[in-house]
Amino acid sequence: VGVALWLCSNLLSSREGRAIRCLKGGRTMAAAMGVNVPLVKLKVFVLASVLAAVSGWMYVHFQRFVNPTPFGLNYGIEYLFMTVLGGAGFLPGAILGSGIITALREWLVEYLPALVGQNGNYETVVLAVLIIFIPHRAPDGLWPLLVKFLKIKETSKFSEANVSTDLLLERKNANHSSGESLLVLEHVSKRFGGLLAVNDVSFKVKAGEILGLIGPNGAGKSTTFNLLSGVNPASTGKVTFLGQDITNLQSYQVAKLGMSRTFQHVQLLPNLTVLENVAIGAYLRCDAGYLKSMLHLERDEESRIISESIRMLKRVGLDKHAYTLAGNLSLGDQRILEIARALCSDPVLLLLDEPAAGLRLKEKEELAKLLQQLRKEGMGVLLVEHDMDFVMGLVDRIVVMEFGEKIAEGLPEEIQNNPVVLEAYLGSAD
Ligand code: ADP
Ligand code: MG
């Protein structure tokens, strides 16, 4: 048990471990960072099976005889309940859950019949009540409650003292020369049942430019983002990225080519530190696998990832919060965290879905400065935004959408004076 815990705890705090943690509540995000989610699920399943097999093997040696009972359905349910009771997703939860159930059963088998006055399997009744009661009252299991009750401080592996900031992580993508077409959309449409959310939209994003995508609520901007980044493939039309047809690629495959994104509705792991959340972005820039991580032989690579993550946090001005839990940040800071995470993947093209929503004026100015710096470095940026002042002063070109259609495209001045846009968008906004 000790060895299994050590191996698993090493794994969970590694590059692959962060991907595993994303399986609970952050799958779209993980895929956007280049994680092949179904493959990770399969690997976790195999790992769990290997551990179960080892314990079965030991059990046989211990008992000196084997029959199928301990491997039957009833026990399967009991093992599952141990996990749920202790807390799925927490290593100490495994010990807690199995400890409680095993002790409780022994105790009930001994004392319940005496209490009732006749023989019978009364423990089953008590356990059944628990199975109904616990998931209802403590959906995350008992471990998180215990942590809260005993005020156990869960310390992060990382702190200012043991994190170096000058280790370099290899770059993943070459710079592209300014003006080169990165992303090309040709007559792209997306249909949800009877609703045509994106209708025959075409535009280009070049290296070294910021393209603003604006339009009223429900215009189809986020849907366009999702079909570009492989979350929801286009129904018809063609999307090309760096000369390659990506129309039907999966999210993680698109990420591999050098596209990174943030989400309109922030997607992060609230129980991990800001630093670890940003480190998820570096997934594709390293390759330590399960075995290496479990034996903790990826220290060198891991230090580089952490070093790079700190640098990205400095870049967006969030380094003072590096060791706080991401869930404790303000919404504005969580958006900035997402940008740091996206940058950590060293993207060629950055997609930002309403990054300035919830930011204060000063923070917006900082964000604008950062985006201008990225543009200078040759990155392409596609920016969906509501805040017109923010967009107009920053972007090179604008595409305007309404009811899923592109109604205008041009320089900010042209858009500001375009009667169709004024009518459709600005007119209704004022
Ligand atoms: P925007 O980001 O411009 O505000 P969206 O792209 O989010 O707009 O939405 C465009 C339209 O598509 C809306 O009418 C929305 O209800 C619809 N829509 C978005 N996603 C889905 C989905 N997964 N299923 C069905 N309809 C959707
Ligand atoms: Mg949107």
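Side-chain atoms are counted along with the backbone in the values below, which use heavy atoms only and exclude waters and symmetry mates. Just so you know, ligand 1 is whichever comes first in the structure, and atom 1 is the first atom listed for that ligand.
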Quiz item: Should R315 and E377 be marked as a salt bridge (charged side-chain N to carboxylate O under 4.0 Å, His left out) after you check the CA-CA gap, both sets of side-chain angles, and the distance that decides it?
Solution: CA-CA 14 Å; R315 195 153 194 204; E377 290 167 18; 2.5 Å; yes
Exercise. Could you tell me whether E78 and R105 make a salt bridge, using a distance below 4.0 angstrom between a side-chain N and a carboxylate O?
Key: yes
Exercise. List the atom of V381, the atom of V205, and the distance in Å for their closest heavy-atom pair.
Key: O-CG1, 4.2 Å
Self-check item: Residue and atom names of protein N/O/S atoms that fall under 2.8 Å from the Mg ion (ligand 2)
Solution: S222 OG, Q264 OE1
Quiz item: Does the distance from a Lys or Arg side-chain N to an Asp or Glu carboxylate O, for D396 and K206, drop under 4.0 Å?
Solution: no
Practice problem: Using a strict cut-off of less than 4.0 Å between a Lys/Arg side-chain nitrogen and an Asp/Glu carboxylate oxygen, indicate whether E338 and R335 qualify as a salt bridge. | Solution: no
Extract all N/O-N/O pairs under 3.5 Å that connect ligand 1 to the protein, and present each with both atom names and the distance rounded to 0.1 Å.
from	atom 1	to	atom 2	distance (Å)
ligand 1	2 (O)	S222	N	2.9
ligand 1	2 (O)	S222	OG	2.8
ligand 1	3 (O)	A219	N	3.2
ligand 1	3 (O)	G220	N	3.0
ligand 1	3 (O)	K221	N	2.8
ligand 1	3 (O)	K221	NZ	2.9
ligand 1	4 (O)	G218	N	2.8
ligand 1	6 (O)	S222	N	3.3
ligand 1	6 (O)	T223	N	2.8
ligand 1	6 (O)	T223	OG1	2.5
ligand 1	8 (O)	G220	N	3.3

Quiz item: Between K364 and E354, does at least one N-O distance fall below 4.0 Å, as a salt bridge requires?
Solution: no
Quiz prompt | Short N-O contact, R171 and E308, less than 4.0 angstrom | solution = no
Quiz item: Looking at R299 and E302, does any basic side-chain N land under 4.0 Å from a carboxylate oxygen?
Solution: no
Quiz prompt | Test: R18 cationic atom under 6.0 Å from Y283 six-membered ring centre, within 45° of axis | solution = no
